[in-house]
Amino acid sequence: MEKQPPLDADRRITGTLFVLSAPSGTGKTTICSQLCQLVPDLVFSVSSTTRSPRTGERPGIDYHFVSIAEFERKIEAGLWAEWARVHGNYYGTSAEFLDAALVRRQTVLLDIDVQGARQIRKRYPDCVTVFIMPPSMEALQTRLAARQTDDAATITKRLTNARDEISQKDQYQHIIVNDDLQTAVDEMVALISQYR
Ligand code: ADP
Ligand code: 5GP
């Protein structure tokens with residue numbers, strides 16, 4: 001296999017890294033999958049998680065579904081570029097995958113929570129951070145219910161977490177409101193073109 005050049009010491013001379021965060025149910029997954037179809041060569045970073053797959057989720061495409069023991073072993077070994085506990089489950093981004101994509105100067109999209117975004121900002125200072133807002137808390141609740149993937153207690157937990165995440169939106173460089181889906185996707189496409 002061809003040997004990869006080492007990642008630049010300060011991780012600056014690399015591809016372009018977009019970090020998207022939003023409260024659960026806002027529409028990040030929907031936006032990311034449309035972006036992957038619309039933007040040529042966009043690489044979506046598939047996270048690992050210890051939560052169970054939802055109906056329709058495909059291992060290796062939506063998430064790498066791993067055990068708690070495996071996730072914790074990789075924490076010990078320092079193999080995550082970032083990781084966090086969200087809604088009681090572990091989520092993380094592989095450092096090896098991310099560094100290799102950036103060394104190849106690819107444009108990479110991360111869908112991660114606010115704790116993970118903070119770690120990525122430290123590790124890759126040139127990353128572009130975007131917070132996607134729901135049009136209102138009522139709309140968020142409706143979307144979470146409409147998705148039919150979470151029970152009432154989980155939806156309550158996600159809404160409580162949403163208020164905390166929204167209070168941190170000013171840590172992001174760009175804010176996009178996902179009211180009309182097409183408008184939000186168009187704004188993201190324009191942003192990606194602006195930075196590439
Ligand atoms: P997230 O990844 O942020 O948790 P999803 O992409 O799973 O959110 O979207 C949650 C639900 O909201 C889905 O049923 C999706 O079809 C719907 N949705 C996404 N964007 C919009 C929008 N702009 N207007 C109405 N419903 C939306
Ligand atoms: P869900 O379980 O709804 O797919 O995701 C729950 C939350 O975990 C979302 O806010 C999502 O952005 C976040 N998340 C998904 N993957 C990662 C990851 O690799 N790292 C971190 N920190 N958060 C993630």
Side-chain angles (χ1 to χ4, degrees), residues 17-37 43-66 70-71 74-75 79-98 101 108-124 127 129-151 154-155 157-166 168-169 171-172 176-188:
L17 178 56
F18 288 89
V19 179
L20 248 68
S21 299
S24 180
T26 301
K28 279 186 310 305
T29 309
T30 311
I31 291 173
C32 286
S33 74
Q34 293 214 5
L35 287 175
C36 289
Q37 287 170 17
V43 175
F44 180 70
S45 164
V46 179
S47 296
S48 296
T49 183
T50 58
R51 83 153 160 74
S52 309
R54 294 184 184 130
T55 310
E57 280 185 331
R58 299 144 302 172
I61 295 175
D62 300 298
Y63 279 108
H64 301 292
F65 295 100
V66 301
E70 183 182 351
F71 199 102
K74 288 186 173 173
I75 295 176
L79 296 180
W80 301 118
E82 62 75 33
W83 67 271
R85 274 194 89 110
V86 189
H87 314 132
N89 297 302
Y90 283 123
Y91 293 83
T93 304
S94 157
E96 189 185 10
F97 170 84
L98 198 48
V108 185
L109 187 59
L110 297 188
D111 163 356
I112 60 175
D113 86 318
V114 292
Q115 308 169 71
R118 215 173 292 130
Q119 297 166 50
I120 291 291
R121 224 179 278 122
K122 278 205 191 118
R123 189 177 163 101
Y124 306 94
C127 70
T129 55
V130 185
F131 193 87
I132 315 274
M133 284 281 290
S136 65
M137 289 307 285
E138 291 71 30
L140 184 61
Q141 187 164 9
T142 305
R143 285 180 197 177
L144 282 168
R147 193 166 65 179
Q148 296 187 323
T149 52
D150 303 301
D151 58 27
T154 307
I155 290 180
K157 201 197 284 185
R158 285 176 190 258
L159 286 171
T160 305
N161 207 37
R163 288 189 185 86
D164 178 52
E165 288 181 306
I166 290 170
Q168 299 176 61
K169 69 179 187 308
Q171 296 172 11
Y172 290 73
I176 288 178
V177 179
N178 180 22
D179 188 354
D180 174 61
L181 178 62
Q182 191 57 54
T183 307
V185 170
D186 289 348
E187 287 181 39
M188 266 310 298

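We count ligands from 1, going down the list as the structure has it; atoms in each ligand are counted the same way.
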Go through ligand 2 atom by atom and flag the ones less than 4.0 Å from a non-hydrogen atom of [X].
{"X": "Ala84", "value": "22 (N)"}
{"X": "Gly92", "value": "18 (C), 19 (O), 20 (N)"}
{"X": "Ser24", "value": "3 (O)"}
{"X": "Gly116", "value": "22 (N)"}
{"X": "Thr93", "value": "19 (O)"}
{"X": "Arg51", "value": "1 (P), 2 (O), 4 (O)"}
{"X": "Lys28", "value": "9 (C), 10 (O), 11 (C), 12 (O)"}

Report yes or no: do Asp180 and Gln182 form a side-chain donor-acceptor pair below 3.5 Å? no
- Item | Donor + acceptor pair across side chains of Asp151, Thr154 (<3.5 Å) | yes
If you measure every N/O of [X] against every N/O of ligand 2, is any gap under 3.5 Å?
{"X": "Ser47", "result": "yes"}
{"X": "Glu165", "result": "no"}
{"X": "Tyr91", "result": "yes"}
{"X": "Glu57", "result": "no"}
{"X": "Glu82", "result": "yes"}

List ligand 1's nitrogen or oxygen atoms that come under 3.5 Å of a protein nitrogen or oxygen, with the partner atom and distance.
from, atom 1, to, atom 2, distance (Å)
ligand 1, 2 (O), Thr29, N, 2.9
ligand 1, 2 (O), Thr29, OG1, 2.4
ligand 1, 3 (O), Gly25, N, 3.4
ligand 1, 3 (O), Thr26, N, 3.3
ligand 1, 3 (O), Gly27, N, 2.9
ligand 1, 3 (O), Lys28, N, 2.9
ligand 1, 3 (O), Lys28, NZ, 3.3
ligand 1, 4 (O), Gly25, N, 2.7
ligand 1, 4 (O), Arg147, NH1, 2.7
ligand 1, 6 (O), Thr29, N, 3.4
ligand 1, 6 (O), Thr30, N, 2.9
ligand 1, 6 (O), Thr30, OG1, 2.5
ligand 1, 7 (O), Arg147, NH1, 3.0
ligand 1, 8 (O), Gly27, N, 3.1
ligand 1, 20 (N), Asn178, ND2, 3.1
ligand 1, 23 (N), Asn178, OD1, 2.9
ligand 1, 23 (N), Asp179, O, 2.9
ligand 1, 23 (N), Leu181, N, 3.3
ligand 1, 24 (N), Arg143, NH2, 3.2

Write out the residue and atom name of the closest protein heavy atom to atom 13 (C) of ligand 2, then the distance separating them to 0.1 Å.
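The protein heavy atom lying closest is Asp113 N, 3.8 Å.
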Starting from atom 5 (O) of ligand 2, what is the nearest protein heavy atom, named by residue and atom, and what distance separates them?
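Heavy-atom neighbour on the protein nearest atom 5 (O) of ligand 2: Tyr63 OH, 3.4 Å.
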Query raised in the report: Is the closest heavy atom of Arg54 to ligand 2 under 4.0 Å?
Result: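 Yes; Arg54 lies near enough to ligand 2 that a heavy-atom distance drops under 4.0 Å.
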If we only consider heavy atoms of Gln115, is any one of them less than 4.0 Å away from an atom in ligand 2? no
Exercise. Measure Arg158 to ligand 2 on non-hydrogen atoms and call it side chain, backbone, both or neither using the 4.0 Å cut-off.
Key: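 Arg158 to ligand 2: side-chain contact only, backbone stays beyond 4.0 Å.
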Is atom [atom1] of [X] surrounded by more than 12 heavy atoms (other residues, nucleotides or ligands) closer than 6.0 Å?
{"X": "Glu70", "atom1": "CD", "value": "yes"}
{"X": "Gln141", "atom1": "CD", "value": "no"}
{"X": "Lys28", "atom1": "NZ", "value": "yes"}

Residues 134-149 vs salt bridge (charged side-chain N to carboxylate O under 4.0 Å, His left out), sequence neighbours excluded, gives Arg147-Asp150
Name the option, out of Val86, Ile132, Thr49, Asp111, that contains the heavy atom nearest to atom 14 (N) of ligand 2.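 Comparing heavy atoms across Val86, Ile132, Thr49, Asp111, the nearest one to atom 14 (N) of ligand 2 lies in Asp111.
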Decide yes or no for Tyr91 and Asp113: does some side-chain heavy atom of the first lie under 4.5 Å from some side-chain heavy atom of the second?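 No, side chains not in contact.
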